[in-house]
Chemist: 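The structure follows.
Each chain gets a letter, A, B and so on, in the order the sequences are listed, and its residues count up from 1. Since the model is a prediction, treat every value here as computed from it, not as a measurement.
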Amino acid sequence: MLSVTENPIVRAVARIHAKVRTKLLVAFLSIAALLVVVALLGLRVFGQSNLRAERLGALQVRVAGYQQLEADAAVLRQELAICAGNADYQTWLNGGRPSAGPSPTCLRSIRQPVSSVLALLGTSIQLGFKPTPSESRALRKVRADYRSVKHVVAAIAASPRASGRLHAQAEQLSVDLEVAARNLAQATTAKTKALIAQNQRSYSNSRNLFIGVAAGAVVLALALGLLLSWSLVGPIQLIGGRLAAIASGDFSRHVDVRNRDELGDLGRNVNRMNDELQRLYRALETASEHKSAFLANMSHELRTPLNAIIGFSQVLREKLFGELNEKQDEYVGDILSSSDHLLALINDILDLSKVEAGQVELEIAPFSLREALERGVVMVKERALKDGVELGLAIDPSVDVVEADERRIRQVVFNLLSNAVKFTPAGGSVEVRSAQINSEVQISIADTGPGIASEDQERIFEEFQQTEVGIEQREGTGLGLALSKRLIELHGGRIWVESASGEGSTFTFTLPLPRLR
Amino acid sequence: MKKLLTSVTLIGLGVLITGYGAWGKDSGASDKKLADMYRIDQIEKTWHKAASRKNLKLMMSLWAPKATMTVGGHTYTGKTAIRGVFERSGPFQAQNHWESDTPAYKIRITVDGNKGTLYFECHYIDVDTGKVATAVGADQELRKINGKWLIINLAASTVTLKP
């Protein structure tokens, strides 16, 4: 199965020759265009709906007008029927008694209302709208019927003797009139119902179309956004992964970004950076190898004559070849002291360079930390006695056997102890403590020496950096703390100093518990 | 990415559902109209129930206080005058045993907001003879007053002779 970034469509989008900004702009404009399409469609739907509502309203006005016409016709028919003595109606109205017969007086009384109705009948004033041509034809028939009714009613009023026959004629005409008016109303009602049905169908169709287009627009916008984001995110992830590999020292591969935009440029630049870093890294490796070889050779070359100097100086000082005068003894002492210092310097440089070159391999094994600390104290005890410095050892009973490179830990302990004794004035004290705290063991060496200014506390762990007091004493190489720091860090621990000028110093280092047993 | 996809899809669905729901709200208006037509139909039922049981009080409960009734060339205004017409009418005479045939064989109802019309034509059956005593029609204008449909105008009519 293809991954998202390998999808052909995503790759095609990625290979479009345009800037990311342009692609984003096109995507946003496309989505905006889809929204506009949906909005226009919605407006069209609403417009159609409004049009249909207007048509419906007009039809309802027509229906109301024709119903009024029908009602007027019904009233006229009712009046005629009542005046003619309609049996049903008179029976209901007169408590169930039979009809009293036609009433010419009644007819005369309704002539005026009939004339008024006729004057307005079927006109736009009465109806409230202009009839259609087909409706106008029907209305002409209605008006003709009304005129006939009017003549018959007038005849009845003028000749009561003929009222029986004329009444029947008038009632028949009025019935025709009402039926004609009702037909008009019913036809318009039918049109109204047809329009309502059409409106419902149109509503349903418009709704479905709108929902379909809206859903389509959402899907298209989603697809467009995803395609674009994948075409951008995929290369970024590739470049990120390659940068992480470079950060961990892997320069073996190139990142494959085929975008023809800024990301493509970025990918190519990352590849160039990878190649350049690889070249530099190899150059550094070569230089480091040369440096290590140089140091190893130099240390050997320097130690060989130095051993001779130290050895013969000691021979002279032990007077194996005769007595030395006072001056000679002093100078031999100076030679021996300087040679020891030089040897220590060479050893420290060699150790440091080995650590930096990664050539120091720790020999991790369980050993007694208590014994290592005791030996360290013993090693500086003579100088402490000579300088009048009191030594103390406080070891947590729970801390004894640890797993570490014993020789290197002893080297660190001796380094810190010798520094403490060296810089503590007569009458002062140096105390060694150990304790287990959380997941590590802490070893601290506290002295009552001159202390270290806060601005020097970081610096003294760098190569050839000493405090002013150290420089004045002209002792030490300035490499001991740097070497100690690297050795402790090789063990996965930390080293730091807590001090203030005139208040002594406490150097502490830790060893992680996984090395504890 | 999945969260983004899910969120966008849910938002899209929400928009569509909301739009669909808003679109369908027109059905509420037609429901209201149907309810009003049902209540107006009940006026016809009540009318004939009152006429059959000679219950004038029930009949007058259908009328608005200032209603008018046009019948036999005269217009009566107010419930007292209208009650007088009914007191004299055939169905309400003690000696007549007329049963009003309901529902009316012809009925037409229209509704426009708080206004409406009710037209019906009906038979009155004489229970003693088993024959149709009379057939009359009533064309009424209605108004919804304090939530109740009442007759505000009635024009009595004879029945339609042709369809």
Side-chain angles (χ1 to χ4, degrees), chain A residues 4 38 42 45 49 60 63-64 67 70-71 74-75 77-84 86-97 103 105-107 109-110 113 171-172 174-176 178-179 182-183 186 189 196 200 203 206-207 210-211 214-215 217-219 221-222 225-226 229-230 233, chain B residues 1 4-5 8-9 11-17 19-20 22-24 26-27 30 51 70-74 85-98 108 110 112 115 117 119 121-124 126 132-139 141 153 155-163:
Chain A
V4 171
V38 171
V45 167
S49 177
Q60 282 176 336
V63 168
Q67 281 178 344
E70 182 189 359
V75 167
R77 183 173 63 81
Q78 176 201 349
E79 299 287 0
L80 285 169
I82 291 168
C83 290
N86 177 280
D88 280 333
Y89 203 80
Q90 291 295 343
T91 301
W92 187 90
L93 196 60
N94 293 329
R97 291 183 293 278
S103 170
T105 312
C106 176
L107 275 176
S109 72
I110 65 167
E171 190 173 354
Q172 186 59 47
S174 67
V175 168
D176 291 347
E178 187 184 349
V179 169
R182 183 180 302 140
N183 286 342
Q186 285 178 345
T189 302
I196 289 171
Q200 284 173 339
Y203 160 78
S206 299
R207 180 194 60 196
F210 186 85
I211 290 173
V218 168
V219 170
L222 196 62
L226 287 176
S229 63
W230 281 333
V233 170
Chain B
M1 183 60 78
L4 177 68
L5 271 173
V8 172
T9 307
I11 289 168
L13 281 174
V15 168
L16 288 178
I17 290 167
Y20 187 85
W23 206 306
D26 280 352
S27 61
S30 59
T70 302
V71 57
H74 295 95
V85 175
F86 280 108
E87 280 174 344
R88 294 191 299 274
S89 69
F92 287 89
Q93 302 308 308
Q95 73 275 13
N96 294 338
H97 300 108
W98 291 3
R108 187 183 68 211
T110 65
D112 182 14
K115 297 177 183 176
T117 64
Y119 178 82
E121 294 175 7
C122 57
H123 290 133
Y124 285 90
D126 189 336
V132 175
T134 183
V136 291
D139 198 357
E141 287 178 54
N153 181 38
S157 70
T158 55
V159 297
T160 308
L161 301 178
K162 288 183 182 178

Chemist: Taking side chain as everything from C-beta outward and backbone as N, CA, C, O, which of these in B:Y124 sits under 4.5 Å from a heavy atom of chain A? Side chain, backbone, both or neither.
Modeler: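 The side chain, not the backbone.
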Chemist: Return the minimal non-hydrogen interatomic distance between A:F210 and A:G42, and the atom names on each side.
Modeler: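 The pair with the smallest heavy-atom distance is CE1-CA, 3.4 Å.
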Chemist: Heavy-atom distance under 4.5 Å to chain A: side chain of B:T110, backbone, both or neither?
Modeler: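 For B:T110, side-chain heavy atoms alone lie under 4.5 Å from chain A.
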Chemist: Tell me every residue that passes salt bridge (charged side-chain N to carboxylate O under 4.0 Å, His left out) with B:R88, counting only those two or more places apart in sequence or in another chain.
Modeler: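 Partners of B:R88 by the salt bridge (charged side-chain N to carboxylate O under 4.0 Å, His left out) criterion come out as none, since no residue qualifies.
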Chemist: What part of B:E87 lies closer than 4.5 angstrom to a heavy atom of chain A: side chain, backbone, both or neither?
Modeler: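 B:E87 has no heavy atom closer than 4.5 Å to chain A.
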Chemist: Once side chain to side chain contact (heavy atoms under 4.5 Å, CB included) is applied, do any residues pair with B:D126, and if so which ones, sequence neighbours excluded?
Modeler: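 With sequence neighbours excluded, B:D126 shows a side chain to side chain contact (heavy atoms under 4.5 Å, CB included) to B:W98, B:D128, B:T129, B:A133, given in chain and number order.
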Chemist: Please flag which part of B:V85 lies under 4.5 Å from any non-hydrogen atom of chain A: side chain, backbone, both or neither.
Modeler: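 Looking at B:V85, just its side chain touches chain A.
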Chemist: Can you name the nearest heavy-atom pair linking B:N96 to B:G90, along with the distance?
Modeler: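 For B:N96 and B:G90, the tightest heavy-atom pair comes out as ND2-O, 2.9 Å.
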